[in-house]
Amino acid sequence: MSLLGSIVSKILHPFGGASSSAAPSTADAGGASSPASTTTADATPSAPGEPVDVEAVLNGMAQKNSQTLNWRTSIVDLMKLLDLDSSLTARKQLADELHYTGDKDDSATMNVWLHKQVIKKLEENGGKVPADLKD
């Protein structure tokens, strides 16, 4: 599975409600929620057909994590929270998947762009994203 697919799956389908081989959609925003999209005891579960509350899922994960991670602004922290490789190599791979055309050696600029794109893809794939995380 692609890195983007792993990110989307871990947030929108934390209990395996989606096919593990399904790639996230870039056009279809519907159908990404599943009845198994309950998140944590602290997060509000989504009913079938309703968008998954991305903020509630990630805040629930953050509360259970021993590290203080700023997933709201940092792609590195978001990947760490999801227990994914957050190395520069992995982020460059994610940039390739998302068709980043900037300088991958300018990691600060790339990281900001990656975070915005991941949030956008979560929304496109059925996630409810708070307004302060959108462009």
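Numbering starts at 1 and runs along the sequence shown.
Note on V112: it does not cluster hydrophobically with L4, by side-chain heavy-atom contacts below 4.5 Å among ILVMFWY residues.
Here the shortest heavy-atom pairing between R91 and S86 reads NE-O, 2.8 Å. Minimum interatomic distance between D106 and T109 (heavy atoms only, all atoms of both residues): OD2-OG1, 2.7 Å. Listed here is the closest heavy atom pair of N125 and V8: CB-CG1, 4.1 Å. Minimum heavy-atom separation, M79 to L94: SD-CD2, 4.5 Å. Counting all heavy atoms, side chain and backbone alike, H115 lies closest to L78 at CD2-CD2, 4.4 Å. Scanning both residues, E97 and L3, for their nearest heavy atoms gives OE2-N, 3.0 Å.
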Yes or no on side-chain contact (heavy atoms from CB on, under 4.5 Å) for K116 and I75, after CA distance, side-chain angles and deciding distance? CA-CA 9 Å; K116 288 180 181 180; I75 189 66; over 6 Å; no

Go through the steps for K121 and V118 under the test side-chain contact (heavy atoms from CB on, under 4.5 Å), then give the verdict. CA-CA 5 Å; K121 295 299 181 189; V118 166; 5.7 Å; no

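The ring-ring contact (aromatic ring centres under 6.0 Å, His included) pairs that include a residue from residues 61-89 number zero, where partners must be two or more places apart or lie in different chains. Identified under the salt bridge (charged side-chain N to carboxylate O under 4.0 Å, His left out) test for residues 66-87, with sequence neighbours left out: E55-R72, R72-D132. Applying the ring-ring contact (aromatic ring centres under 6.0 Å, His included) definition to pairs two or more places apart or across chains, none involves residues 73-94.
Taking 4.5 Å as the limit, some side-chain heavy atom of V54 sits within range of a side-chain heavy atom of L12.
Under the rule for a side-chain contact (heavy atoms from CB on, under 4.5 Å), the partners of K128 that lie at least two apart in sequence or sit in another chain are P51, D53. Legend: residues meeting side-chain contact (heavy atoms from CB on, under 4.5 Å) with A95, ordered by chain and number and at least two apart, are Y100, K104, M110, L114. Applying the side-chain contact (heavy atoms from CB on, under 4.5 Å) test to Q117 and every residue at least two apart in sequence or in another chain returns L98, W113, K120.
Side chain of N111 to backbone of S107: a donor-acceptor contact under 3.5 angstrom is found.
Taking CG of L58 as the start and NZ of K10 as the end, the distance is 12.0 Å to the nearest 0.5 Å.
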